[in-house]
Amino acid sequence: MTTYAALLRGINVGGGRKLPMAELRSLLEELGHAEARTYLQSGQAVFTAAHGDEESLAAELSTALAERFGFTCDVLVRDHAYLARIVAGCPFPAAELEGRQLHVTFLDRDVREDRFDGLDREAYLPEEFRLGDRALYLYLPDGMGRSKLAEQLARPGLTKGLVATTRNWNTVLKLSELTTAP
C-alpha cells in the first residue's frame, strides 16, 4: 500500500464547486482506497492505494467527481516520496519564513525555464519563483492575495496546457506529514 495526497484544483473557493470533505472521503473509499482523510476544506485528501500510479489515480478520482457531483475538477495525486523531495528541495529559507510567504504550485509535468522567458522577474522583486520537480516554488513576502507575481504566473499564456494548483507551505508540510507511512 502506498499513501498519496490528492490535490483538487478550485474546490470550495469563491462560492463555486462546493464539495463537502465527508463526501470526498466517502468517494475515495468507494473507489477502493483505504484510510481516506481530508485536510482543511480546500481540496486536499490523503488515502492509501494498493494499485495504480499518480496519473491513473488522479484520472480515476477526476472522473468519479464529475460523475457524482456534475462538475469537472483537475486533480493531481502525489505520493509521500515526492512530497518529501519537494520539502527538502525548497530553494528558499522555509524555516525563516511564515507559511503564508511560501507557496508551491504543483504541476502535472515538468516545465522548462524558457516557458517564463517573457516574464520580467526583476519587476516583481522581492517576490520570486524557482522551478522544482513538477512544481514552482513561490516566495511571496506579502502573501498570495496581494501578489502581482502570482497573478502573472497564473496567466493563461504561462499555464496553457498545464494542470496547476497552489498550496501554502504549511499545507505542503502537513500533506508530507500525513502521507508518511504509519
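A quick note: this is a predicted structure, and the numbers were derived from the prediction, not measured.
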From [X] atom [atom1] to [Y] atom [atom2], the distance as rounded to the nearest 0.5 Å:
| X | Y | atom1 | atom2 | answer |
| --- | --- | --- | --- | --- |
| Glu127 | Gln152 | CD | CD | 10.5 Å |
| His51 | Glu60 | NE2 | CD | 5.0 Å |
| Cys73 | Leu24 | SG | CG | 9.0 Å |
| Leu65 | Glu23 | CG | CD | 10.5 Å |
| Leu140 | Gln101 | CG | CD | 9.0 Å |
| Thr165 | Asp108 | OG1 | CG | 11.5 Å |

Shortest non-hydrogen contact from [X] toward [Y]:
| X | Y | answer |
| --- | --- | --- |
| Ala135 | Leu107 | N-CD1, 4.0 Å |
| Val111 | Arg115 | CG1-NE, 3.7 Å |
| Met144 | Ala150 | SD-CB, 3.3 Å |
| His103 | Thr166 | CB-CG2, 3.8 Å |
| Pro141 | Arg100 | O-NH1, 3.5 Å |

Would you check, one step at a time, whether the test side chain to side chain contact (heavy atoms under 4.5 Å, CB included) holds for Leu8 with Leu61? CA-CA 9 Å; Leu8 286 66; Leu61 181 53; 4.3 Å; yes
Measure the shortest side-chain to side-chain distance between [X] and [Y] over non-hydrogen atoms and say whether it is less than 4.5 angstrom.
| X | Y | value |
| --- | --- | --- |
| Leu173 | Val87 | yes |
| Leu125 | Leu149 | no |
| Val77 | Asp53 | no |
| Leu7 | Gln44 | yes |
| Leu40 | Thr38 | no |
| Leu136 | Arg130 | no |
| Thr2 | Thr48 | no |

Strictly distance-based, threshold 3.5 Å: is any side-chain N or O of [X] a donor or acceptor partner for the main-chain N or O of [Y]?
| X | Y | result |
| --- | --- | --- |
| Thr72 | Ala66 | no |
| Arg37 | Leu178 | yes |
| Glu54 | Asp79 | yes |
| Thr63 | Ala59 | yes |

Side chains of Glu30 and Ser26: donor-acceptor distance under 3.5 Å anywhere?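 Checked: Glu30/Ser26 side chains pair up, N/O donor to acceptor below 3.5 Å.
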Under 3.5 Å, is there a donor on one side chain and an acceptor on the other for Thr179 and Thr3?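 Note: Thr179 and Thr3 side chains miss the donor-acceptor criterion.
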Could you give all pairs that pass the salt bridge (Lys or Arg N to Asp or Glu O under 4.0 Å) test and reach residues 161-179, with sequence neighbours left out?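 Applying salt bridge (Lys or Arg N to Asp or Glu O under 4.0 Å) to every pair that reaches into residues 161-179, excluding sequence neighbours, yields Lys174-Glu177.
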Working for ring pair (Phe, Tyr, Trp, His ring centres under 6.0 Å), residues Phe116 and Phe129: CA-CA 10 Å; Phe116 307 98; Phe129 75 94; 4.9 Å; yes
Of the options Leu97, Leu138, Val104, which is the one that meets Trp169 in a side-chain contact (heavy atoms from CB on, under 4.5 Å)? Val104
Evaluate side chain to side chain contact (heavy atoms under 4.5 Å, CB included) for Ile86 paired with Ser176, printing each intermediate quantity in order. CA-CA 9 Å; Ile86 288 295; Ser176 180; over 6 Å; no
For Glu35 and Val46, what are the C-alpha separation, side-chain angles and deciding distance, and is it a side chain to side chain contact (heavy atoms under 4.5 Å, CB included)? CA-CA 8 Å; Glu35 301 177 43; Val46 173; over 6 Å; no
Stepwise side chain to side chain contact (heavy atoms under 4.5 Å, CB included) check, Asn170 with Leu102: CA-CA 9 Å; Asn170 291 336; Leu102 186 58; over 6 Å; no
Validate the cation-pi geometry between Arg78 and Tyr4: distance from NZ or CZ to the six-membered ring centre under 6.0 Å, angle to the ring axis within 45°.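 Output no; distance or angle outside limits.
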Take the angle between the ring planes of His33 and Phe47 and call it parallel below 30°, perpendicular above 60°, tilted in between. tilted
For residues Leu57 and Leu19: do they belong to one hydrophobic cluster (side chain heavy atoms under 4.5 Å, members Ile, Leu, Val, Met, Phe, Trp, Tyr)? yes
Using ring pair (Phe, Tyr, Trp, His ring centres under 6.0 Å) as the criterion, list what pairs up with Phe69, not counting sequence neighbours.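 With sequence neighbours excluded, Phe69 shows a ring pair (Phe, Tyr, Trp, His ring centres under 6.0 Å) to no residue whatsoever.
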